[in-house]
Student: 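So that we are looking at the same thing, I have put the structure below in structure tokens.
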Amino acid sequence: MSLNLLAIFYLVSGILFILALRGLSSPDTSRRGNLFGILGMAIAITVTFLSIGNFSDGFVYVLIFLLAGGFIGVFIAYKIPMTAMPELVAGFHSLVGLAAVFVAISAFLNPQAFNLGFPGNIKIASLIEMSIGGAIGAITFSGSIIAFLKLRGIMSGSPITFKGQHYVNLLLGITIIVLIFYLCDSQSEKYFWRIIAISFLLGLLLIIPIGGADMPVVISMLNSYSGWAAAGIGFTLENSALIITGALVGSSGAILSYIMCKGMNRSFFNVILGGFGGTDQASLSNNKDKKPVKSGNAEDAAFLMKNASSVIIVPGYGMAVAQAQHSLKEMVDSLKKNGIKVSYAIHPVAGRMPGHMNVLLAEANVPYDEVFELEEINNDFANADVAFVIGANDVTNPIAKTDPQSPIYGMPVLDVEKCKSVLFVKRSLSPGYAGVDNELFYRDNTLMLFADAKKMTEEIVKNLD
Amino acid sequence: MSLNLLAIFYLVSGILFILALRGLSSPDTSRRGNLFGILGMAIAITVTFLSIGNFSDGFVYVLIFLLAGGFIGVFIAYKIPMTAMPELVAGFHSLVGLAAVFVAISAFLNPQAFNLGFPGNIKIASLIEMSIGGAIGAITFSGSIIAFLKLRGIMSGSPITFKGQHYVNLLLGITIIVLIFYLCDSQSEKYFWRIIAISFLLGLLLIIPIGGADMPVVISMLNSYSGWAAAGIGFTLENSALIITGALVGSSGAILSYIMCKGMNRSFFNVILGGFGGTDQASLSNNKDKKPVKSGNAEDAAFLMKNASSVIIVPGYGMAVAQAQHSLKEMVDSLKKNGIKVSYAIHPVAGRMPGHMNVLLAEANVPYDEVFELEEINNDFANADVAFVIGANDVTNPIAKTDPQSPIYGMPVLDVEKCKSVLFVKRSLSPGYAGVDNELFYRDNTLMLFADAKKMTEEIVKNLD
Amino acid sequence: MEIDPFIFRLSIFILSIFIGYYVVWSVTPSLHTPLMSVTNAISSVIIVGAIIAGLSGEIDSVFNSTNIFGFLAIFLAAINIFGGFLVTQRMLQMYKKKKKNK
Amino acid sequence: MEIDPFIFRLSIFILSIFIGYYVVWSVTPSLHTPLMSVTNAISSVIIVGAIIAGLSGEIDSVFNSTNIFGFLAIFLAAINIFGGFLVTQRMLQMYKKKKKNK
Ligand SMILES: NC(=O)c1ccc[n+]([C@@H]2O[C@H](COP(=O)([O-])OP(=O)(O)OC[C@H]3O[C@@H](n4cnc5c(N)ncnc54)[C@H](OP(=O)(O)O)[C@@H]3O)[C@@H](O)[C@H]2O)c1
Ligand SMILES: NC(=O)c1ccc[n+]([C@@H]2O[C@H](COP(=O)([O-])OP(=O)(O)OC[C@H]3O[C@@H](n4cnc5c(N)ncnc54)[C@H](OP(=O)(O)O)[C@@H]3O)[C@@H](O)[C@H]2O)c1
């Protein structure tokens with residue numbers, strides 16, 4: 001296949017990836033978008049094969065590895081529960097990162113195959129590109145592994161900090177840059193291996209100090225890194241599909257991190273510098289159990305909601321932990337059978353990753369046009385009878401509106417307190433992710449339902465029948 | 001200057017143009033955006049000079065022509081009244097179109113200067129690109145001239161149609177394509193001139209049948225054409241600044257035409273195929289002067305508004321015609337002094353070009369945060385006391401919501417009739433652009449103020465003091 | 001063998017169309033009139049071609065049939081550039097927030 | 001003299017960053033989770049490099065120190081491609097409108 005035709009096909013596959021992301025602007029077009037993405041990938045792989053045209057033994061092995069990987073991928077994709085999405089994405093990122101490292105290594109060891117020169121005499125520009133691609137890939141790999149372990153609970157979620165760690169990281173970063181200089185100068189293999197090794201180490205050190213609950217921002221940031229790594233390799237391979245895709249993924253990850261930080265009203269550096277959001281800190285809340293709270297059981301809740309004319313459901317992280325979305329849907333269905341108007345209010349950072357609640361509700365067959373975003377629904381609380389807050393906490397905390405000292409001050413929150421009555425389903429009075437006490441628990445129009453979210457909704461359903 | 005450096009500078013200027021358009025996403029950033037645009041243009045011009053490096057006589061003449069044109073441009077920009085924007089844009093488009101034609105001609109006559117080969121032996125690809133660029137440029141030129149004449153009132157605004165005109169246009173279009181083939185085959189100059197000549201003719205014939213009031217859509221479409229012409233020339237000159245800019249302008253114009261057509265609830269083809277929106281048709285309205293209307297004078301209007309607690313102003317084309325924006329602002333100021341809440345409601349297609357009302361109000365120093373778009377304000381009419389409709393008609397016509405036969409059926413309209421009372425300032429009962437009678441004139445809570453918009457507001461101001 | 005530069009230009013063209021699409025949809029409707037005038041101004045970057053054409057003749061014969069078109073194109077494009085950017089600036093200058101006004 | 005292809009690639013890269021910026025802001029927040037998984041899937045287009053690396057050895061010695069890395073990279077990227085697109089499809093399949101549900 002001519003180089004020109006090949007370039008056009010790679011361009012087409014880059015454009016198909018753009019269309020894939022574009023499809024996500026609405027659920028209706030999203031499935032078609034995903035198909036565009038698959039098509040783009042199929043084109044890129046096929047033309048790469050054709051361009052080599054080497055249908056020998058090697059080709060068979062490529063197919064074997066491709067299918068083996070594909071098989072594992074399909075298996076994981078079917079088995080994974082929706083609640084494990086954050087870990088899954090982290091795990092997948094680590095693979096992309098490692099793949100980028102391997103491609104960079106191959107390019108270094110066998111530059112002829114990529115038209116980059118000869119071992120010991122590689123073009124300087126290519127050398128720089130492949131070191132950058134490899135280094136970012138390595139950071140992505142080891143960082144994602146830590147993120148994965150923390151999210152999976154294999155490693156403690158608490159931030160592990162030590163004095164001067166930021167200086168150590170800075171030093172490592174500088175070392176990598178210096179090594180790239182040496183590599184360009186000497187073309188010596190040992191520098192290349194050192195760059196990769198130090199990058200692995202840097203990835204570990206960067207993510208270890210960040211608390212488990214901050215992992216979503218980290219994942220998105222690593223996503224962005226994997227994009228830049230791909231773009232770096234794309235320059236090495238002179239491949240526009242990789243360059244376009246890398247840039248897309250790079251900006252997408254960066255924007256998502258930004259959206260998350262803004263939603264939590266924290267700066268990106270505050271997250272990245274670490275030491276926040278560990279589980280220890282979260283339990284360090286003050287003056288709790290001091291004021292009296294009204295608590296009730298499933299029967300009370302069922303009674304209240306049956307007599308309401310409109311109910312707004314506010315799901316949060318606890319719903320995900322308890323996997324309560326299916327029984328919640330059942331509850332809503334039986335409320336609707338009683339002629340009660342029910343809608344869902346989703347805060348932009350409810351749960352632990354962007355869009356977390358939406359996926360879970362979609363999994364439970366909740367139609368997406370019953371699910372509203374903060375700005376769409378916040379005025380409706382004043383006219384609703386009951387706010388049913390299930391496993392959410394920070395996203396309802398009015399302290400964000402009043403106390404400039406509070407860590408969540410300035411974050412927009414759902415005005416559940418404007419409802420006639422508020423039901424809180426959670427297991428205790430302990431605070432949520434941000435570690436801030438919620439004064440709503442102690443209000444007169446609040447009824448606490450202390451229980452696991454799933455058990456509680458199941459019981460409410462029984463009481464509704 | 002090396003070709004690579006030159007290419008980088010052209011890329012930078014393309015990016016600056018992107019940032020210029022991006023700035024327009026809010027009035028705050030728009031001025032900086034415009035400066036980016038100017039900077040981009042300055043870079044493009046400067047590096048072009050440097051790349052030629054021919055500081056001889058020719059250079060002096062270039063400067064003379066540049067400054068002469070610049071002087072005229074500055075003069076026009078300072079003198080033009082804001083109400084003449086539509087004509088101005090049409091006039092400017094014609095110049096871009098003609099410039100594109102001239103560049104294409106130079107490239108054809110003197111291909112060496114552009115590295116395209118030699119006269120009589122020009123690269124086929126370049127020949128195609130320059131013919132397309134030249135043809136689109138010529139269509140843009142003659143079409144814009146007609147649009148300009150119609151908008152300025154020099155030529156009758158009524159659509160001039162004859163049987164089979166669409167077939168004639170189609171034939172001309174095909175002829176152009178055939179001539180391009182011949183040109184590539186023979187490299188003969190005569191075919192090139194014929195392509196340009198027929199394109200001029202086609203431009204005239206395409207726009208003449210379109211009614212004067214549809215000109216804004218046409219202008220935007222011609223804007224889009226001028227972009228594609230620039231991109232075509234950009235391929236010929238292998239210049240990325242031109243390619244990027246051409247694509248930007250091309251899509252921008254197309255999207256604006258689309259927005260306008262959607263706002264009027266008409267299809268693009270309906271507009272382009274012509275025969276609609278002439279002044280004759282507009283006066284052909286039925287059953288007017290039959291039902292009784294309540295009409296009042298400035299005193300009545302002043303009394304009504306003085307006793308209101310909130311007033312919504314709905315400006316339309318008539319305000320632009322009467323240049324009433326300044327006295328309107330005065331009226332609003334004196335209402336505000338009386339403690340009355342006043343806001344402005346702008347329909348997306350109020351006036352005769354997108355954003356027409358906004359510019360005029362901005363000219364009269366109305367702060368842009370008092371000006372609301374249809375979706376933002378439409379619910380407020382129900383709670384307002386007075387809707388002051390000044391020179392608007394179609395955009396308030398409730399027939400768009402009720403009568404599927406009406407030409408404006410389905411267009412979103414401002415719900416002025418929900419106000420306690422509605423004041424209409426216009427000179428007669430004659431309909432607006434769409435030629436449809438407005439039943440609001442005959443309602444009980446409507447008071448007609450028959451007068452020129454400027455005179456009426458001036459009198460109201462007197463009565464308010 | 002190298003990839004034909006035309007293909008790169010095509011890529012740039014197509015990607016720019018995407019950008020144009022997004023960038024224009026993000027323009028607020030109240031600035032649609034300045035948008036029309038500024039796109040008109042930037043499309044006169046065609047002056048680049050005009051300058052090359054104008055300077056292409058031999059040094060001694062400044063005006064001949066080929067480069068006179070270049071000079072004319074410079075003239076026309078310059079009207080647009082200066083006129084377009086200035087009138088846009090004039091319009092944008094008028095868009096003010098409430099505070100400054102009271 | 002021709003323009004260095006690197007400059008074209010740089011243009012493509014920069015323009016794509018703009019597109020990424022706009023395209024991602026236009027994604028509806030309720031689809032942010034699928035967005036994360038699909039961007040992960042498409043970033044495995046790096047498999048293109050892996051395939052070239054895997055097939056670069058001599059025909060007779062399929063596995064040697066250089067192209068074994070290529071094969072490993074193919075394996076890893078394939079997990080992502082199949083896993084990423086499928087899990088995205090699985091998620092998107094769940095987003096339904098009211099009508100179908102009642
Ligand atoms: N969405 C994102 O992108 C993202 C990313 C990073 C961080 N965050 C942060 O995450 C927080 C999200 O707020 P949120 O209101 O959704 O959650 P939250 O404030 O973290 O509160 C979750 C609550 O759920 C309860 N819970 C836990 N397991 C439960 C179970 N099995 N049954 C019932 N309740 C259970 C917990 O209380 P008990 O222990 O008393 O049961 C806890 O108070 C925000 O602070 C946000 O900044 C979000
Ligand atoms: N904005 C755009 O982009 C665009 C583009 C193309 C078409 N259009 C069309 O233009 C129309 C705009 O609606 P509109 O409500 O703004 O205007 P309209 O429906 O055309 O009505 C304008 C009214 O202003 C009155 N008028 C004219 N001169 C006046 C003066 N000197 N003093 C007072 N009144 C005067 C006229 O009535 P009298 O003769 O009785 O005074 C006329 O009824 C829509 O139909 C739209 O589809 C808009």
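Note on naming: letters A, B, ... go to the chains in the order of the sequence lines (proteins, then strands), and numbering restarts at 1 for each one.
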Student: Of the non-hydrogen atoms in B:Ser25 and C:Ser26, which two are nearest, and what is the gap between them?
Tutor: CB-O, 3.2 Å
Student: Need one label for B:Ile233: side chain, backbone, both or neither, based on atoms under 4.5 Å from any heavy atom in chain C.
Tutor: side chain
Student: Could you check whether atom CZ of B:Phe114 has more than 12 heavy atoms from other residues, nucleotides or ligands sitting under 6.0 Å from it?
Tutor: yes
Student: Quick check for you: to the nearest 0.5 Å, what is the distance between C:Asn40 atom CG and B:Leu88 atom CG?
Tutor: 8.0 Å
Student: Looking at chain B, which one of C:Val38, C:Thr39, C:Ile47, C:Ile14 has the largest number of heavy-atom pairs inside 4.5 Å, strictly under?
Tutor: C:Thr39
Student: Is the closest side-chain heavy-atom distance between B:Met85 and C:Met91 below 4.5 Å?
Tutor: yes
Student: Does any backbone or side-chain atom of B:Ser13 lie under 4.5 Å from a heavy atom of chain C? Answer side chain, backbone, both or neither.
Tutor: neither
Student: Identify which of B:His356, B:Met357, B:His93 forms the greatest number of heavy-atom pairs closer than 4.5 Å to chain C.
Tutor: B:His93
Student: Which bit of C:Val24 comes within less than 4.5 Å of chain B, counting heavy atoms only: side chain, backbone, both or neither?
Tutor: side chain
Student: Which atom pair, heavy atoms only, marks the closest approach of B:Gly355 to C:His32?
Tutor: N-CB, 4.1 Å
Student: Are C:Met36 and B:Ile219 side-chain neighbours, meaning at least one heavy-atom pair lies under 4.5 Å?
Tutor: yes
Student: Looking only at heavy atoms and a cut-off of under 4.5 Å, which of C:Ala41, C:Gly20, C:Ala78 has the most pairs with chain B?
Tutor: C:Ala78
Student: Hey, would you say the B:Phe235 and C:Phe6 ring centroids sit under 6.0 Å apart?
Tutor: yes
Student: Does any backbone or side-chain atom of B:Ala68 lie under 4.5 Å from a heavy atom of chain C? Answer side chain, backbone, both or neither.
Tutor: both
Student: Looking only at heavy atoms, which two atoms of C:Ser16 and B:Leu248 are closest? And how far apart?
Tutor: O-CD2, 4.2 Å
Student: Side chain to side chain contact (heavy atoms under 4.5 Å, CB included) for B:Phe92 and C:Ile79? Distances and angles first, verdict last.
Tutor: CA-CA 8 Å; B:Phe92 276 172; C:Ile79 297 182; 4.0 Å; yes
Student: Among the options B:Leu98, B:Ile346, B:Leu66, pick out the one with the most heavy-atom pairs lying under 4.5 Å from chain C.
Tutor: B:Leu66
Student: What part of B:Pro348 is in contact with chain C, defined as an atom under 4.5 angstrom from a non-hydrogen atom: side chain, backbone, both or neither?
Tutor: neither
Student: With side chain to side chain contact (heavy atoms under 4.5 Å, CB included) as the test, would you mind laying out the steps for C:Phe75 and B:Ile72 before giving the verdict?
Tutor: CA-CA 9 Å; C:Phe75 176 69; B:Ile72 296 178; 3.5 Å; yes
Student: To the closest 0.5 Å, what do you measure between CZ (B:Phe141) and CG (C:Leu76)?
Tutor: 8.5 Å
Student: Between C:Val48 and chain B, which part of the residue has a heavy atom less than 4.5 Å away: side chain, backbone, both or neither?
Tutor: both
Student: Between chain C and each of B:Glu363, B:Gln112, B:Glu238, count heavy-atom pairs under 4.5 Å; write down the option with the most.
Tutor: B:Glu238
Student: Hey, which of B:Ile244, B:Leu67, B:Val101, B:Val89 has the most heavy atom pairs under 4.5 Å with chain C?
Tutor: B:Ile244
Student: So which part of B:Asn223 gets closer than 4.5 Å to some heavy atom of chain C, the side chain, the backbone, both or neither?
Tutor: side chain
Student: Would you indicate whether the side-chain heavy atoms of C:Thr28 and B:Leu24 approach each other to under 4.5 Å?
Tutor: no
Student: So how far is it from B:Thr245 OG1 to C:Ile46 CD1, rounded to the nearest 0.5 Å?
Tutor: 10.0 Å
Student: Rounded to the nearest 0.5 Å, how far does CZ of C:Phe71 lie from CD1 of B:Ile64?
Tutor: 9.0 Å
Student: Given side chain to side chain contact (heavy atoms under 4.5 Å, CB included), test B:Val103 with C:Phe69 step by step and report yes or no.
Tutor: CA-CA 7 Å; B:Val103 173; C:Phe69 285 112; over 6 Å; no
Student: For chain B, which candidate among C:Ile17, C:Val87, C:Ile42, C:Val23 shows the most heavy-atom pairs at distances under 4.5 Å?
Tutor: C:Ile42
Student: Side chain, backbone, both or neither: which part of B:Tyr258 has an atom under 4.5 Å from a heavy atom of chain C?
Tutor: side chain
Student: Between B:Ala113, B:Ala230, B:Gly253, B:Gly70, which shows the greatest number of heavy-atom pairs under 4.5 Å with chain C?
Tutor: B:Gly70
Student: Taking the side chain as C-beta and beyond, is there a heavy-atom pair between C:Leu35 and B:Leu21 under 4.5 Å?
Tutor: yes
Student: Find out whether B:Asn358 and C:Thr33 are in side-chain contact, i.e. whether some heavy atom of one side chain is under 4.5 Å from a heavy atom of the other.
Tutor: no
Student: Kindly indicate whether the side chain of B:Leu256, heavy atoms from C-beta on, has any atom under 4.5 Å from the side chain of C:Val27.
Tutor: no
Student: State the CZ-CD1 distance between C:Arg9 and B:Ile243, to the nearest 0.5 angstrom.
Tutor: 6.0 Å
Student: Starting at OG of B:Ser30, measure out to CG of C:Leu31 and round the result to the nearest 0.5 Å.
Tutor: 5.5 Å
Student: Tell me whether the rings of C:Phe13 and B:Trp228 are parallel (<30°), tilted (30 to 60°) or perpendicular (>60°).
Tutor: perpendicular
Student: Looking at C:Ile81, C:Val45, C:Ile12, C:Leu72, which has the largest count of heavy-atom pairs under 4.5 Å with chain B?
Tutor: C:Val45
Student: Based on non-hydrogen pairs under 4.5 Å, which of B:Pro86, B:Ala107, B:Ala99 is most in contact with chain C?
Tutor: B:Ala99
Student: Do B:Ile259 and C:Trp25 come close enough that some side-chain heavy atom pair is under 4.5 Å?
Tutor: yes
Student: Tell me, do B:Met82 and C:Arg90 make a side-chain contact under 4.5 Å, heavy atoms counted?
Tutor: yes
Student: Sort B:Phe108 into side chain, backbone, both or neither according to what part of it lies under 4.5 angstrom from a heavy atom of chain C.
Tutor: neither
